[in-house]
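For reference, the structure is listed below as structure tokens.
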Amino acid sequence: MLKKYFHYIHEECGIFGVYGHPEAANLTYLGLYALQHRGQEGAGICSTDGKNFYLDKSMGLVADIFSEKRLKKLCGHAAIGHNRYSTAGSSSLKNVQPFLVNYILGSIAIAHNGNLINAEHLRYELEKGGAIFQSSSDSEVILHLIARSTLDNPVDRIKDALSIVKGAFSLLFLDESKLIAVRDPFGVRPLSLGILDGAYIIASETCAFDLIGANYIRDIQPGEILVIDENGLKSYHLLGSNKKAFCVFEFIYFARPDSFIFDHICVNTIRKKFGKILARDSSIEADLVIPVPDSGVPAALGFAEKSGLPFDFGLIRNHYIGRTFIEPKQSIRHFGVKIKLNPVKDILKDKKVIVVDDSIVRGTTSKKIVKMIRELGGAKEVHMRIASPPTIGPCFYGIDTPTRQELIASTHMIEEIRKYITADSLAYLTIEGLNEVLPNPENYCLACFNNKYPIHFPKEDSLQMELMLV
Ligand code: AMP
Ligand code: SF4
């Protein structure tokens, strides 16, 4: 049973919602466009005019899916949208959200960012009771629980359902009369409230507000159920943790640097500070600092500023790569990495180079990059600096990470990793350094760096955790 649903753990998503705007679907399209980095596998929008619902979703990128003609059909003053990323296996249209269902109280649509850790067990129990699922997504479990609740209004039913699920969830629900935004009691994934021309906007990240000209109001609080309808805003609260567990990896890699998350902290500023602390603790004699674009840019800027070394773009990234490309028949050296990155020989030749990236997962990217900078770029020395601590544990709360065995830092010492990636030196940001930068570090989840998982697996699902941790 567990193996069957094992792919649940690979989810990264972006969500966006609008209430009270005549162009709700168009704004949602733009919001999803700004949140494209949170998921590229598929996207969908569900809108309502208070009577009917309109749903459109497809595999692919937001701008490729929605034409003017398709958007025109998504009528109404309220809408929710979803960008989905997932690894192969569960990659299919039936898993693309929003999901829209009918139940005894009417219709309800859901868009979910995060990952439930007891979904396998709940689904098993629901299926045993006769439930039929249309997707393999954990989010559908929430809809079943809402439909089965015996309470007499949608908000109480949502509360009821969410008291049973465990894990990370930033959620949007849309029914005939309201938009509902929810954040799990730990606040693992970000979710913000904004306003545009009197209409309320909800987004995973504030970069989506910027594109449509909305103003940020506040974050949805951990454990908050925010109901938006014709009477305005009303908050309810989920029972649960007093402890917060904001995902630090949003700051390290996942969120866009121009976003403000977790009570409005600028992602770029935090990344730059990570780079500064990294430089303070591990700078080395060199000619220049270069980033691995785009993920390493803010930290490399911080590193260069603190170390006093020149900064340059020694690697150029091709931004126009689709998910597949046709490989040449005859083998071309370094083809796999060259399709994405190319070194600037004039910058690198005969130089001692410090290369800054945000993280090492399996180590394969760093190995290729070091080789490329040395062999193609002609650098004399390559020193790798990583603006996060060694990744030693998988994520169960909505970031796509491989099993522990595949994480190079879980099985190798830093010196062994250095040898593997063939760098002249290698250093990571320490956990202490990370905590120095974070405001109120006790409010963050650092589990993939310190193995302290804030949301515990229920007994029934502990096998899944064990399988991931071997
Ligand atoms: P690897 O080759 O597995 O070590 O991959 C490391 C690279 O992947 C780094 O350059 C990161 O920017 C990037 N990265 C880290 N975490 C993720 C993730 N969850 N999804 C996609 N890319 C990631
Ligand atoms: Fe974020 Fe890592 Fe915690 Fe997952 S385990 S929520 S990636 S900090």
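Both ligands and their constituent atoms are indexed starting at 1 by order of listing.
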Note to self: Pair Asp424, Arg374 - check salt bridge (Lys or Arg N to Asp or Glu O under 4.0 Å), show working.
What the structure shows: CA-CA 11 Å; Asp424 292 288; Arg374 212 191 294 279; 2.9 Å; yes
Margin query: If you apply the rule ring-ring contact (aromatic ring centres under 6.0 Å, His included), what do you find for Tyr420 with His412, and how did you get there?
Written below: CA-CA 10 Å; Tyr420 174 75; His412 294 77; 7.2 Å; no
Checklist line | ring-ring contact (aromatic ring centres under 6.0 Å, His included) between His144 and Phe133, worked out | finding: CA-CA 9 Å; His144 276 273; Phe133 281 79; 4.2 Å; yes
Checklist line | Tyr453 and Phe396: CA distance, side-chain angles, deciding distance, ring-ring contact (aromatic ring centres under 6.0 Å, His included) verdict | finding: CA-CA 9 Å; Tyr453 288 91; Phe396 302 107; 5.2 Å; yes
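Here is the list of ligand 1 atoms found below 4.0 Å of a heavy atom in Ser295: 12 (O). Which parts of ligand 2 touch Arg189 is read off a 4.0 Å heavy-atom cut-off, strictly below it: atoms 6 (S). Within ligand 1, the atoms closer than 4.0 Å to a non-hydrogen atom of Ile360 are 4 (O), numbered from 1 in the order shown.
For atom 10 (O) of ligand 1, the closest non-hydrogen atom on the protein side is Asp357 OD2, 2.6 Å. Among protein heavy atoms, the minimum distance from atom 2 (O) of ligand 1 is reached at Thr365 OG1, 2.5 Å. At the top of the distance list for atom 12 (O) of ligand 1, counting protein heavy atoms only, stands Asp358 OD1, 2.5 Å. Looking from atom 21 (C) of ligand 1 to the surrounding protein, the closest heavy atom is Tyr253 OH, 3.3 Å. Of the protein's heavy atoms, Ser359 OG, 3.2 Å lies nearest to atom 15 (C) of ligand 1. Considering only non-hydrogen protein atoms, atom 16 (N) of ligand 1 sits nearest to Phe249 CZ, 3.4 Å.
For atom 19 (N) of ligand 1, the nearest protein heavy atom lies closer than 4.0 Å.
Across the listed options Arg362, Glu406, Lys368, Lys367, Arg362 owns the non-hydrogen atom lying nearest to atom 3 (O) of ligand 1.
In this structure Glu381 satisfies the salt bridge (Lys or Arg N to Asp or Glu O under 4.0 Å) test with no other residue, sequence neighbours excluded. Checked against salt bridge (Lys or Arg N to Asp or Glu O under 4.0 Å), Arg157 has no partners two or more places apart in sequence or in another chain.
Considering Leu179, Leu193, Val18 in turn, Val18 is the only one that fulfils the side-chain contact (heavy atoms from CB on, under 4.5 Å) rule with Ile201. The side-chain hydrogen bond (donor to acceptor under 3.5 Å, both in side chains) with Asn113 is formed by just one residue from the set Arg38, Arg189, Glu12; it is Arg38.
In Ile399, the part holding a heavy atom less than 4.0 Å from any atom of ligand 1 is the side chain. Residue-level proximity to ligand 1 for Thr364 is carried by backbone and side chain together, each with a heavy atom below 4.0 angstrom.
Heavy atoms of Glu12 come nearer than 4.0 angstrom to ligand 2 in no pair at all. Not a single heavy atom of Thr401 sits closer than 4.0 Å to an atom of ligand 1.
Asp358 and Ser388 share no donor-acceptor pair across their side chains, judged by distance under 3.5 Å alone.
Around atom 2 (Fe) of ligand 2, the protein N, O or S atoms closer than 2.8 Å are Cys448 SG, listed by chain and residue number.
In this pair, Tyr444 and Phe262 present their aromatic rings perpendicular. The plane angle is above 60°, beyond the 30 to 60° band.
Where the criterion is an N or O separation shorter than 3.5 Å, residue side chain and backbone included, Ser366 fails it with respect to ligand 1.
A salt bridge between Arg418 and Glu415 is present, with a side-chain N of the basic residue lying under 4.0 Å from a carboxylate O of the acidic one. Using a 4.0 Å cut-off between charged side-chain N and carboxylate O, Arg183 and Glu224 make no salt bridge.
A donor-acceptor pair under 3.5 Å is formed between the side chain of Ser204 and the backbone N or O of Ile15.
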Under 3.5 Å, side-chain donor or acceptor atoms of residues 265-285 against the rest of the protein: list the pairs with distances, not counting sequence neighbours.
unit_1: Arg271; atom_1: NE; unit_2: Phe251; atom_2: O; d: 2.5
unit_1: Arg271; atom_1: NE; unit_2: Ile252; atom_2: O; d: 3.3
unit_1: Arg271; atom_1: NH1; unit_2: Ala255; atom_2: O; d: 3.4
unit_1: Arg271; atom_1: NH2; unit_2: Glu250; atom_2: O; d: 3.2
unit_1: Arg271; atom_1: NH2; unit_2: Phe251; atom_2: O; d: 3.2
unit_1: Arg271; atom_1: NH2; unit_2: Tyr253; atom_2: O; d: 3.3
unit_1: Arg271; atom_1: NH2; unit_2: Ala255; atom_2: O; d: 2.7
unit_1: Lys276; atom_1: NZ; unit_2: Glu305; atom_2: OE2; d: 3.2
unit_1: Arg280; atom_1: NH1; unit_2: Glu436; atom_2: OE1; d: 2.8
unit_1: Arg280; atom_1: NH2; unit_2: Glu436; atom_2: OE2; d: 2.9
unit_1: Ser282; atom_1: OG; unit_2: Leu278; atom_2: O; d: 2.7
unit_1: Ser282; atom_1: OG; unit_2: Arg385; atom_2: NE; d: 3.3
unit_1: Glu285; atom_1: OE2; unit_2: Lys352; atom_2: NZ; d: 3.2

